[in-house]
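In this text the structure is predicted, and so the values were computed from the model without any measurement. Lettering follows sequence order; numbering is per chain, from 1. Worth knowing before you read on, the calculation uses all heavy atoms, side chains too, and leaves out hydrogens, waters and symmetry mates.
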There are 2 protein chains.
Amino acid sequence: MLNIKLPLTQAFVVGNVKAIQTALKAGADAMTLKELSGLLGLSQTTVSRALNGYPEVSEATRKRVAAAAREHGYAPNTRARALATGRAMAIGHVIPISSKHEMVNPVFGDFIAGAGEVYSRNGYDMLLSVVPDDDEDAAYRSFLTKRNVDGIILHAPTLNDPRIPLLNALGLPFVVHGRSSDAQAPYAWVDVNNKSAFQRATDFLLDLGHARIVLVNGLEHMDFAIRRRAGYEAALKARAIPPDPALMFAGEMTEAQGHDLTRSLLAGPNPPTAFLVSSMITAMGVRRGIEELGLTMSRDVSLITHDDDLSYFRNGADIPVYTATRSSVRDAGRKAAQMLIDIMQGRDTAHEILLEADLTLGQSTGPAARLKVETG
Amino acid sequence: MLNIKLPLTQAFVVGNVKAIQTALKAGADAMTLKELSGLLGLSQTTVSRALNGYPEVSEATRKRVAAAAREHGYAPNTRARALATGRAMAIGHVIPISSKHEMVNPVFGDFIAGAGEVYSRNGYDMLLSVVPDDDEDAAYRSFLTKRNVDGIILHAPTLNDPRIPLLNALGLPFVVHGRSSDAQAPYAWVDVNNKSAFQRATDFLLDLGHARIVLVNGLEHMDFAIRRRAGYEAALKARAIPPDPALMFAGEMTEAQGHDLTRSLLAGPNPPTAFLVSSMITAMGVRRGIEELGLTMSRDVSLITHDDDLSYFRNGADIPVYTATRSSVRDAGRKAAQMLIDIMQGRDTAHEILLEADLTLGQSTGPAARLKVETG
DNA sequence: CAAATCATCCAAAGCGCTGTGAATAGCCCA
DNA sequence: TGGGCTATTCACAGCGCTTTGGATGATTTG
């Protein structure tokens, strides 16, 4: 395997177009094993074994084969190899799109980046299936009966997600990004400790003297949202504060949602003094709402958000803008991919990874207004 | 083909786990054509032709075959089919990641969503290869010599992008999302008219009396950034205003970048009165900078941004927050995918699609402060 | 020096599907 | 009644690779 990779890497340095054209000669028709072995005067068996690092090939012929492969730009046909070995060397991702709002999860790009990194290091391809979240049947039919992947990553699990028993029944290895509360059977997963993160965040706001804390959550059938809410409620309960339904919201995590909600709450009677928000994007909307009303974040209203540490949306370089519960979704992608590969290859490995989120202090939190009056 | 799809769709209704378990019996080992034909007492040929809609099969047997396929949850093995037909029924995307900043293009998720929609409608899979943008050789080796895709979508083209002659030389059908200025050979592409969009936007700001307009652009080796800058400069030139290098910036399009740049410019001598920004995310940073200085967007400083109409980042539901040059990247994804499929299937089709961006009026633009003094 | 061992290499049988080139059977017409 | 059709169906040869189960000499061993 390695024997093939190294030489070609040289040939494909971007910009070095001439070398590539030479290497691959007449365009579209790549060389086959048969042709290569014919050229070398060896059997297909020997050439195949030489390239795949089997021991029963002399070092001399192995070198000769490797050189020829490089020279002629030979690489095994994936389809043929997959058919022969029974392994597709590909991993499938089902990307659900909110059918109501046609929304793509913004977290997805970074997760993919992390996972893709691990895949390519291990010789796996990534197969994507983008489907409306109320019509995932097509995607599963494709992956499962067409057998074009060896494993699956499941995104955005819901409460007691029916896809989990389904995949379990089918025997295809899979790893869930997130968890599914109330799931009957065991399954492998990588998740952030959403409950503990939001409990700590709520605690922190309570410590600052905030009593009316708004929870701006994701859609309530999503598992992560359920856990975040549980964390929020646990923190309140610990101080004997009954959760107020008027302060708890669930919905798509858009900027506009955050903005509209904030405006109406702050303009209403008995306004809240703090917001706990499920995504950076929504948090930006909340801040816009705060500032449009002439209020100042941190001084008048506090704000904590969850931060997936998205590459294109960093929470400030030096001092974070927002106080946040932070956990890199890209890292989660890496970990989930590695776990899946380990499982597929029969390695003994942890099937459950719970990542703790950092609580990073930013410029969006401060003591509740009430306290300020006392001290100032 | 259709014959297979319909029945399975029923079996796979999410939640109907029992039906699935029944349909696929003993888990992982799917049925083969050989088994199915044996069961039916027919030859593999006949079964295959029946399922693939060939005319030389009697309607009676076709029905019988379809029913059996449904009952046993049969679907052809993709790998075997690909090997036999020579078509992989998959399309590859090479997703470059900025190697300097490890940044994933936020536009990518929505583009994929649009393209994926078209792919699944046409029976194609989507293969993703995530690679650092200075090391794309591995991705191309994989796609081209391993032959696991029938076509490629190229993202984020640069000035005279070397990947274009490369793919042309290799004879693999491909479509570029964007264009590559100075490219020698022809190629198929779907692009937004970046130049005209930014020219119109600049014109609009000039009409409002703004003279010092900052251009906050993407990385300058990216083709779209070059064209946007050209539009900006053309508008200035039309009014005999020499472009001021001190007002033109290029960089990664992050929120922090926009913020920092805005603060330093507005705090400096001879501050600008308007910003023309290449992405919503950066625009949010610009606005944060404006507001932190106690200024008001639109009244004190105007702002126009490009808006890719990302699903998770809509520019306000009713009245847009930002005045923007808007073009849906998701729609571009659909169009690029369709074009590629048309090309691969030898259909006669347009190889160049230039999408015009809307200039939508929002709440971020207003007359330059100078004019306000005159009128107020 | 014959027998056993080793190091190399190879022919051939699949993997599960498609597609070509018949074969078979039923039917029509002269 | 026999030749010519049409409508169905089938056997078989690949697609390009891996892998099993030998071959073939060369080398070692008792």
Examine A:F174 together with A:H93 and report whether their ring centres are nearer than 6.0 Å.
no
Tell me: CZ of A:R147 to C1' of C:dC17, nearest whole Å?
16 Å
Check: B:T61/B:S58 side-chain N/O donor and acceptor closer than 3.5 Å
yes
Whole-Å distance, B:Y54 OH to C:dC17 P, equals 15 Å
Provide, to the nearest angstrom, the distance between the CG atom belonging to A:N77 and the C1' atom belonging to D:dC15.
8 Å
Would you list the pairs meeting side chain to side chain donor-acceptor pair (under 3.5 Å) in which at least one residue belongs to residues 31-42 of chain A, sequence neighbours left out?
none
Under 4.0 Å, heavy atoms only, any strand: does B:R49 hit a base, just the sugar-phosphate, or nothing?
base
Nearest-Å distance, CZ (A:R81) to P (C:dG16)?
18 Å
Nearest whole angstrom, please: distance from the C1' of D:dC17 to the CD of A:E35.
13 Å
Which nucleotide wins on minimum distance to the side chain of A:T85, given the candidates C:dC17, C:dC10, D:dT19?
D:dT19
Close N/O contacts between protein and nucleotides 6-8 of chain D (under 3.5 Å):
none

Just by distance, do the side chain of A:Y187 and the backbone of A:S180 share a donor-acceptor pair under 3.5 Å?
yes
Out of D:dC15, D:dC10, D:dT18, which has the shortest distance to the side chain of B:T46?
D:dC10
I want to check one thing: is the phosphate of D:dC17, taken as OP1 and OP2, less than 4.0 Å away from some side-chain N or O of A:Y74?
yes
Whether the A:S43 and A:T46 side chains hold a donor-acceptor pair (N or O, under 3.5 Å, no angle test) is what I'd like checked.
yes
Indicate the atoms forming the closest heavy-atom contact of B:A68 with B:L36, along with that distance.
CB-CD1, 4.0 Å
Rounding to an integer number of Å, can you tell me how far A:R79 CZ sits from D:dC17 P?
10 Å
Report the distance from atom CG of B:N52 to atom C1' of C:dG19, rounded to the nearest whole Å.
11 Å
B:R163 side chain vs B:H155 backbone, donor-acceptor pair below 3.5 Å
yes
Taking C-beta and beyond as the side chain, do A:R64 and A:L42 meet within less than 4.5 Å on heavy atoms?
yes
Using Watson-Crick and G-U wobble pairs with both distances under 3.5 Å, what is the 5'-to-3' dot-bracket string of DNA chain C, with [ ] for crossing pairs and | for pairs outside the strand?
||||||||||||||||||||||||||||||
Please examine the side chains of B:V149 and B:I91, heavy atoms only from C-beta on, and report whether any two atoms are closer than 4.5 Å.
no
Sorted by position of nearest nucleotide on DNA chain D, 5' first, the leading residue of B:T45 and B:A80 is B:T45
Flag side-chain contact, heavy atom, 4.5 Å: A:Q338 against A:N122:
yes
Looking at B:S48 and C:dG19, is any side-chain donor or acceptor paired with a base atom of the opposite kind under 3.5 Å?
no
Quickly work out the A:R87 CZ to C:dG16 C1' distance and round it to whole Å.
17 Å
Among C:dA11, D:dG16, C:dC17, which nucleotide has an atom closest to any side-chain atom of B:A84?
C:dC17
